[in-house]
Asks: 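Let me give you the structure first, and then I'll get to my questions.
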Amino acid sequence: MRAALTGTPGTGKTTVAALLPFRVIDLNAVVRVEELTLGTDPDRSCLIADVEALAERLEELAPEGDDEIVVLEGHFSHQFAPEAIVLRTRPGVLRERLVQRGYSKEKVRENLEAEALDVILVESAEWCDRVSEIDATALSPEEVGALVVKILRREIAMPPGKVDWTGEMEFDP
Ligand SMILES: Nc1ncnc2c1ncn2[C@@H]1O[C@H](COP(=O)(O)OP(=O)(O)OP(=O)(O)O)[C@@H](O)[C@H]1O
């Protein structure tokens, strides 16, 4: 069973994925290492994933019909799994992380806007049959990881709808 661990850049996907007791596929790494790209986006200076080639490769790496829980990690992973767990982080906290990474003011603002406007959550609802949402703002990576495990093992449910940051649209980093 594939599950996407998704969310705006900086919300903690990579950190949490490293703690999970499941096989994890880092989609950015697969795209980069196997050169499954259509080129580079000059505006965002990032690779453009060849989603068709990636979908085919994922069918080899994690066949949809398998019972094994495989976590696909990345901010567009929700396009390749029937289930998504969306990590959320309050924009004020996310800003610090993205500035610390050295993102440009524009890139920080773009990501903060996406987080405040639930962009990944809305996309996940469009792509996936089952969506969970974790507000990771005040949780440790370990606590977030424990929730991800319980969600995937159907021990708890964390449906979307509790997070609302529309009132936090002050993004000037
Ligand atoms: N729950 C958390 N509490 C505090 N800090 C966290 C938490 N999760 C992640 N971080 C920190 O936030 C930063 C971003 O985390 P991470 O790189 O895992 O995010 P990401 O969602 O994978 O980003 P990207 O999509 O750009 O790869 C890191 O410095 C990480 O240590």
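Each ligand, and each atom within it, is numbered from 1 in the order the structure gives. Note that the structure is predicted; figures quoted are calculated from it, not measured.
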Asks: Name the atoms and distances for all side-chain donor-acceptor pairs under 3.5 Å in residues 123-130, with sequence neighbours left out.
Replies:
residue : atom : partner : partner atom : Å
Glu123  : OE1  : His78   : NE2          : 2.7
Ser124  : OG   : Ile120  : O            : 2.9

Asks: Would you compute the distance between atom CG of Asp118 and atom OG1 of Thr166 and round it to the nearest 0.5 angstrom?
Replies: 8.0 Å
Asks: Give a yes or no on whether Met158 and Val71 share a hydrophobic cluster (residues Ile, Leu, Val, Met, Phe, Trp, Tyr; joining criterion: side-chain heavy atoms under 4.5 Å apart).
Replies: yes
Asks: Rounded to the nearest 0.5 Å, what separates atom CD in Glu35 from atom CG in Leu47?
Replies: 9.5 Å
Asks: With only distance considered, is Pro9 within less than 3.5 Å of ligand 1 through an N or O on each side?
Replies: no
Asks: Strictly below 4.0 Å, N to O, side chains only: are Arg109 and Glu115 in salt-bridge contact?
Replies: no
Asks: Return a yes/no value: protein heavy atom under 4.0 Å from atom 5 (N) of ligand 1?
Replies: yes
Asks: If hydrophobic clusters are built by linking Ile, Leu, Val, Met, Phe, Trp and Tyr wherever their side-chain heavy atoms come under 4.5 Å apart, do Leu5 and Ile25 end up in the same one?
Replies: no
Asks: Which residue and atom name correspond to the protein heavy atom nearest atom 15 (O) of ligand 1, and how close is it?
Replies: Thr15 OG1, 3.6 Å
Asks: Is any side-chain heavy atom of Arg97 closer than 4.5 Å to one of Val99?
Replies: no
Asks: Evaluating non-hydrogen atoms only, which member of Ser140, Gly10, Gly145 is closest to atom 14 (C) of ligand 1?
Replies: Gly10
Asks: Would you list the atom pairs, donor with acceptor, under 3.5 Å between side chains in residues 58-66 and any protein atom, with sequence neighbours excluded?
Replies:
residue : atom : partner : partner atom : Å
Glu59   : OE1  : Arg2    : NH2          : 3.2
Glu59   : OE2  : Glu64   : N            : 3.4
Glu60   : OE1  : Arg57   : NH1          : 2.7

Asks: I'd like to know if Gly7 contacts ligand 1, where contact means a heavy-atom distance under 4.0 Å to any ligand atom.
Replies: no
Asks: Considering only the protein, which heavy-atom contact is closest to atom 26 (O) of ligand 1, and what is its distance?
Replies: Arg101 NH1, 2.6 Å
Asks: What protein heavy atom lies closest to atom 9 (C) of ligand 1? Include the residue and the distance to one decimal.
Replies: Gly12 CA, 3.6 Å
Asks: If we only count N/O pairs under 3.5 Å, is Lys13 in contact with ligand 1?
Replies: yes
Asks: Can you check whether Val144 has an N/O within less than 3.5 Å of an N/O in ligand 1?
Replies: no
Asks: Which heavy atom of the protein is the closest neighbour of atom 27 (O) of ligand 1, given with residue, atom name and distance?
Replies: Thr14 OG1, 3.5 Å
Asks: Identify, for atom 12 (O) of ligand 1, the protein heavy atom at the shortest distance, and state residue, atom and that distance.
Replies: Arg97 CD, 3.1 Å
Asks: Leu139 versus ligand 1: do any nitrogen or oxygen atoms come within less than 3.5 Å of each other?
Replies: yes
